[in-house]
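When a ligand or atom number is given, it counts from 1 through the structure's own listing order. It should be emphasised that the depicted structure is a prediction, and the values quoted were computed from it without experimental measurement.
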Amino acid sequence: MSNSVKRRIDELRTKIRKLNYHYYVLSESLVSDYEYDKLYSELQKLEQENPELITPDSPTQRVGSDLTSEFPPFKHSVPMLSLANTYNEDELYDFDRKVRENLPDGEKVEYITELKIDGVSISLIYRDGKFYKAATRGDGFTGEEVTNNVKTIKAVPLKVNSVDSSKVDLEEFEVRGEIYMELEAFNKLNEERARKNEKLFANPRNSTAGTLKLQDPRIVAQRPLSIFVYYLLMKEASIISQYESLILLRELGFKVNPNFRLNGNINEVLEYCREWESKRDNLPYEIDGVVIKVNSFAQQKILGNIAKSPRWAVAFKFKAKQATTLLKKITWQVGRTGALTPVAELEPVLLAGSTISRATLHNIDEIKRKDLREGDTVVIEKGGDVIPKVVSVVLGKRKPGSKEVEIPKNCPVCNSVLYRPENEVAIYCQNVNCPAQIKSRLQHFVGRGAMDIEGLGEALIEQLVDLGYLKSFDDIYNLKNYYNELIVIEGLGKKSIDNILEAIEKSKNQPLERLLFALGIRYVGAGAAQKLAAHFKSMENLINASEEEIESIYDIGSSISKSIISYFANRQNLEILNKLKSAGLNFERSKEVISGGEFNNKSFVLTGTLSSMSREEAKNIIISKGGRFVSSVSKKTDYVVVGDNPGSKFKKAKEFGVKLLSEKEFLQLINIEM
Ligand code: IVH
């Protein structure tokens, strides 16, 4: 191997590193895409010809071909603390007072304020100036090692810039920061997922967390993640303040959010908080507050930490984002049981980075309570969910002559006469053949806690119902007879149809309790389905059971038993069931679950949010496997599933020594791949 090749490789790496740094960290391009690609290809080619010269910090090595990662536990050398929250001026003044009380009399305190990036915190370990490992926060003490995934993020330098060696000991140091996704990229990703019938991410933070836990770094590399770092941890510190450490991080080539500021007193801090609360929408990424830190490390040391958070820092949390817009119309959506849910159709308005044109209103009582009327100007708010809510009416802007909302008399979809049972807030469409009911029944049937048919999502069901391929559950198992027709449906194609048909076949093996739940019999949730299957052991026995026998089961009340009796009294339902039986679905309880299901009465508590499924879905899955879903932790709890931002239940679980499951471990336990 010639020395000149080695020299050229080094030269190319240095050039590309510099270009990457300018592009991903400083957001400026020094050359055209074409020129960049040329340099990159040349390096790739030379490395292919001389594999012995490939080093892990080469720009080409961000995604290796075989980097499928398992996420081993990673113990943090210094715990990753979280912050106490403040929500108003008074709490902020309190923080300042406590800081000054705990420092020697008369000492001057400077605060550094930084934007609180709404992402996922990460720890990066460097050895000899090169990226070595990355780990998530986890419970603060032990996280998960996600090195290969983080390596794909171009704003994470694989090799740091050389700086004055008296400032930093490059041998081993740690950098902490927040991985995030820009709003535009997030919206694009969700649009793509919607097209592919995949579950949408609720917000950029969830989508970042979900991405970091993907098993295939090649997919991670395609997701537009970035990072802001805010913390440098070194054995021998030459720097004496947070301000200096941010500057040094920048010199080393890390992406530091440029909006930090040094403040001489708490009033300036407050001014910064207010300023950014009003400017937050101008940023291309989400922030949920401001982080306030005592600038001097010496003072930080004196102040120390309490339990989970430092005394020298605090978060100022912004209020939920609100917007006002016109409530154009209230429409009614028909659900699986025929219940109508009012939906606010809004004049599209930009809120928290996405355009909002609809919001759920829950039920007619909510409309009455808030006195919402068509034509009103309303305040809407977005919390952690995709679906925004209507908070209130701006009465001052109400137009004269506006009328109270009328309760509809006919179904908006099939026009049949609606029914409102006594003592219920809901109104029902009673036509089981109403297309809207068909669609939502099918959606429930294929859902995760039910038959779990991947790929058969909301939009596709809608399409297949409209095209006439799907009317009832048994039609799902006949779809394979329409292969040639299906593959030409726009946006589908052979591969996705093959996958869907395979998932449909696989779903035939779902146990009886899943099927019972999937049928969507009113009041029969995942828990009741479990108990019914355990008691009756077969569909046949349940069909032939009397109301009394059903009601005799512990925890099964009369509304459930009545509902079951009336379900099986319906000839159409029995015909569908017969067809499902012929298709080969499980009508008997299999032997291994007769003991009480896979989870065998084990109790589960969920704390925090999961990025892969909703709380309701997790609950259904646990119950469908024979587990119990409980709301509070005790010594007897078997498992606590720990999601993002876990609450006090997590602390309790640790105190009691209850077995903790990360989201990934939970998914493994229930056999779901993310
Ligand atoms: S400092 C002890 N600075 O907010 C210092 N955190 O609960 C703790 N975050 O876990 C973190 N932007 O994930 C810090 N500029 C910033 C931040 C920031 C976002 C996150 C971080 C942390 C959480 C606080």
At what distance is the nearest protein heavy atom to [atom], and which residue and atom is it?
atom                    : answer
atom 10 (O) of ligand 1 : S121 OG, 3.8 Å
atom 7 (O) of ligand 1  : L83 N, 3.1 Å
atom 12 (N) of ligand 1 : I117 N, 3.1 Å
atom 11 (C) of ligand 1 : Y230 CE1, 3.9 Å
atom 3 (N) of ligand 1  : K293 NZ, 3.0 Å

### Query
Do you see a donor-acceptor pair shorter than 3.5 Å between the side chains of E114 and Q242?
yes

### Message
Checking contacts here: is it the side chain or the backbone of V291 that comes within 4.0 Å of ligand 1, counting heavy atoms only? Could be both or neither.
### Response
side chain

### Message
For K116, which part has a heavy atom under 4.0 Å from ligand 1: side chain, backbone, both, or neither?
### Response
both

Run the numbers for me: atoms of ligand 1, each under 4.0 Å from some heavy atom of [X], listed by number.
X    : answer
E114 : 3 (N), 15 (N), 16 (C)
S82  : 7 (O)
L115 : 12 (N), 15 (N)
P310 : 2 (C)

### Intermediate values then yes/no, side chain to side chain contact (heavy atoms under 4.5 Å, CB included), T147 and F131
CA-CA 9 Å; T147 307; F131 173 73; 3.7 Å; yes

### Message
Test side chain to side chain contact (heavy atoms under 4.5 Å, CB included) on I287 and F318; report intermediate values, then the result.
### Response
CA-CA 9 Å; I287 58 172; F318 295 152; 3.6 Å; yes

### Query
Within 45° of the ring axis of F95 and under 6.0 Å from its six-membered ring centre, is that where the NZ or CZ of K98 lies?
no

### Task
Validate the cation-pi geometry between R127 and Y132: distance from NZ or CZ to the six-membered ring centre under 6.0 Å, angle to the ring axis within 45°.
yes

### Message
Quick check on the 6.0 Å ring-centre criterion: do F228 and Y285 meet it?
### Response
yes

### Query
Does the side chain of L252 come within less than 4.5 Å of Y126's, by heavy atoms?
no

### Message
Show, in sequence, the C-alpha distance, side-chain angles and deciding distance for N620 and R448, and conclude whether the side chain to side chain contact (heavy atoms under 4.5 Å, CB included) test is met.
### Response
CA-CA 8 Å; N620 288 338; R448 266 192 177 150; over 6 Å; no

#### Entry: Contact (N/O only, under 3.5 Å) between E178 and ligand 1
yes

